[in-house]
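Some notes on the structure that comes next.
Just so you know, these numbers come straight off a predicted model, no measurement behind them.
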Amino acid sequence: MRIRIVDAFTDRPFAGNPAGVLLLDAFPDDDRLQKVAMEVNHAETAFAHRLPEGGEADWALRWFTPVAEVAMCGHATLATAHVLATTGAHQGPVRFATRSGVLIATPLEDGSITLDFPTAPLTEVDVPDGVAGALGAEPRAAFDTGPNVGDLLVELADEKTVRGLTPDHKALAAYSSRGIIATARAEDPSRGYDYVSRCFFPNVGIDEDPVTGSAHTALAPYWSARLGSAELTGLQASPRSGRVRTELRDDRTLLSGRAVTVIEGDLLA
């Protein structure tokens, strides 16, 4: 197996969100996929294989954290599309068959890639008891993000509060199937982003995810409604950091960013 490590949602190495990418002839058994993802030990490892021509999708795609398979992953999809484009394995837009339906990735002339993902359905909920203590800040509002994303989205007072969070990750695990998205409006939009976020996913073995494409399918409709624009840029303010351009199109959200391959080699085991 040829394996690559790709930094996604960044235009430089050692930033953004790293993902393992393996292009296969077919999927081996789930136990082997999980063991490879555990060995890679990044937030996500993507496994893809080509599908027969004439179907609704070009490649099958699955994503694994070090401890579990997930239903949707933006940065590992971006990383996979980047590998397909840069290696010549696939030219032009690519349709991925996934657990979240058919997802389309389109390489653009400027070197970025746009992902076409389903928009997360947001349902306002009461702020659960204990969330403020576990997060270390009092949410203004809370929203369920639906089954594909599986997070609790909370808006905090301001950008400084989001950046300064030091949550109790173990305690956060009780409040959603995957984790918590904490967000706030940008303090100064002239810096090139409209809102900030941080993502904590203890239930899939990720204390803090560096840059989360799937979370932006919930952040895009949330902030587009509040800021009055279908096109926005989100900054995920993790230590590695990364920017995601979003465009809301009703029940679809377009996520755009760049990726950089930093490691390439052979999996020998």
[X] charged N/C atom sitting above [Y] aromatic ring, 6.0 Å / 45°:
X: R62; Y: F27; answer: yes
X: R12; Y: F14; answer: no
X: R185; Y: Y195; answer: no

Handout entry: D25 and R50 ion-paired at < 4.0 Å
Key = no

Exam field: side chain [X] to backbone [Y], donor-acceptor pair closer than 3.5 Å:
X: D188; Y: S190; value: yes
X: S112; Y: L108; value: no
X: S238; Y: S241; value: yes
X: H169; Y: D207; value: yes
X: R95; Y: E56; value: yes

Handout entry: Partner set under side chain to side chain donor-acceptor pair (under 3.5 Å) for T261, not counting sequence neighbours
Key = H82

Practice task
Evaluate the salt bridge (charged side-chain N to carboxylate O under 4.0 Å, His left out) criterion for residues E187 and K160: first the C-alpha distance (whole Å), next the side-chain angles of each, then the deciding distance (0.1 Å), finally the verdict.
Solution key: CA-CA 8 Å; E187 180 180 309; K160 182 179 179 180; over 6 Å; no

Handout entry: Stepwise salt bridge (charged side-chain N to carboxylate O under 4.0 Å, His left out) check, E159 with R163
Key = CA-CA 6 Å; E159 179 176 335; R163 289 181 177 273; 2.8 Å; yes

Handout entry: Y222 ring center near F143 ring center (under 6.0 Å)
Key = yes

Problem - Side chain proximity check, L61 to L103, heavy atoms < 4.5 angstrom - result: no

Problem - Chi angles and distances behind the salt bridge (charged side-chain N to carboxylate O under 4.0 Å, His left out) call for R245, E247 - result: CA-CA 7 Å; R245 301 193 309 274; E247 181 179 348; over 6 Å; no

